[in-house]
Amino acid sequence: MTNKELLSKLKTIITPYVQNQVGLENLTEDTDFIKDLEINSANLVDVILDVEDEFDIEIDNEAMEKMLTVKASIEVIEDKLAKK
């Protein structure tokens with residue numbers, strides 16, 4: 001799966017939780033979920049659960065703590081997919 005495909009799937013997953021639509025329209029790998037998209041911490045957990053379901057992976061607490069930006073999330077997803 002390419003970075004572009006991962007980014008597209010991730011954008012679909014996070015869209016329902018985003019409070020800042022302008023941030024979503026300008027989504028890049030450097031986008032921060034909390035600062036740029038105004039996703040609250042409770043909804044970040046929902047994002048993680050949705051990512052697990054979408055990619056059929058399990059994300060541990062250590063990896064979850066890293067997933068604060070789009071780039072970090074993609075790296076975690078790629079790492080977990082590679083280990084499947």
Side-chain angles (χ1 to χ4, degrees):
M1 188 173 300
T2 66
N3 249 18
K4 192 172 184 177
E5 290 170 325
L6 277 174
L7 185 61
S8 175
K9 282 190 175 199
L10 192 57
K11 185 174 184 177
T12 301
I13 291 168
I14 63 174
T15 297
Y17 306 106
V18 172
Q19 300 302 313
N20 181 349
Q21 293 303 317
V22 174
L24 184 63
E25 290 166 18
N26 299 314
L27 190 77
T28 68
E29 286 195 351
D30 296 324
T31 300
D32 183 289
F33 292 138
I34 296 172
K35 292 178 191 156
D36 300 326
L37 301 180
E38 299 172 16
I39 298 175
N40 66 39
S41 56
N43 283 342
L44 267 182
V45 173
D46 293 329
V47 169
I48 302 294
L49 295 172
D50 291 349
V51 166
E52 288 181 324
D53 289 344
E54 175 68 32
F55 296 100
D56 192 30
I57 56 177
E58 194 171 310
I59 298 172
D60 54 49
N61 287 343
E62 185 181 327
M64 194 183 299
E65 290 171 9
K66 295 177 187 172
M67 294 177 68
L68 298 175
T69 66
V70 171
K71 183 175 185 176
S73 298
I74 288 174
E75 288 171 359
V76 167
I77 293 166
E78 287 176 330
D79 181 55
K80 298 295 179 185
L81 287 173
K83 292 178 178 174
K84 272 180 66 171

| query | In Å, rounded to the nearest 0.5 Å, how long is the span from CE of Met67 to CD1 of Ile74? | reply | 9.5 Å
| remark: dist Glu38:CD -> Leu24:CG (nearest 0.5 Å) comes out at 11.5 Å
| request: Go through the steps for Asn26 and Thr31 under the test side-chain contact (heavy atoms from CB on, under 4.5 Å), then give the verdict. | output: CA-CA 8 Å; Asn26 299 314; Thr31 300; over 6 Å; no
| task | Could you tell me which non-hydrogen atom of Lys84 sits nearest to which non-hydrogen atom of Phe55, and how far apart they are? | result | NZ-O, 3.6 Å
| said: Test of understanding: clusters of I, L, V, M, F, W, Y form through side-chain heavy atoms closer than 4.5 Å, transitively. Do Met1 and Ile13 belong to the same one? | reply: yes
| message | For the CD atom of Glu65 and the CD1 atom of Ile48, what is their distance to the nearest 0.5 Å? | response | 10.5 Å
| With the 4.5 Å side-chain cut-off for hydrophobic clustering, are Leu81 and Val51 part of the same group? | yes
| Are there more than 12 heavy atoms of other residues, nucleotides or ligands under 6.0 Å from atom CD of Glu5? | yes
| query | Between the side chains of Asn3 and Glu29, does any donor sit under 3.5 Å from an acceptor? | reply | yes
| Euclidean distance, Ile57 CD1 relative to Lys83 NZ, rounded to 0.5 Å | 11.0 Å
| Taking every non-hydrogen atom, the tightest pair across Ile59 and Lys80 | CA-CE, 4.4 Å
| request: Side-chain contact test, heavy atoms from C-beta onward, threshold under 4.5 Å: evaluate it for Leu10 versus Ser73 and give yes or no. | output: yes
| query | Nearest 0.5 Å, what's the CG-OG1 distance between Asp50 and Thr12? | reply | 11.0 Å
| task | Please confirm whether the backbone N or O of Lys11 pairs with a side-chain atom of Thr15, one donor and one acceptor, at under 3.5 Å? | result | yes
| query | Which value, rounded to the nearest 0.5 Å, describes the distance between Glu54 atom CD and Ile77 atom CD1? | reply | 9.0 Å
| Closest contact, heavy atoms only, Leu37 versus Gly23 | CD2-C, 3.3 Å
| field | Results of side-chain hydrogen bond (donor to acceptor under 3.5 Å, both in side chains) for Asn40 - residues two or more places apart only | value | none
| request: Identify the heavy atoms of Leu27 and Val70 that sit nearest to each other, and give their distance. | output: CD1-CG2, 3.7 Å
| Hey, is the main chain of Asp46 close enough, under 3.5 Å, to the side chain of Asn43 for a donor-acceptor pair? | no
| Can you find a heavy atom in the side chain of Ile34 that is under 4.5 Å from one in the side chain of Ile39? | no
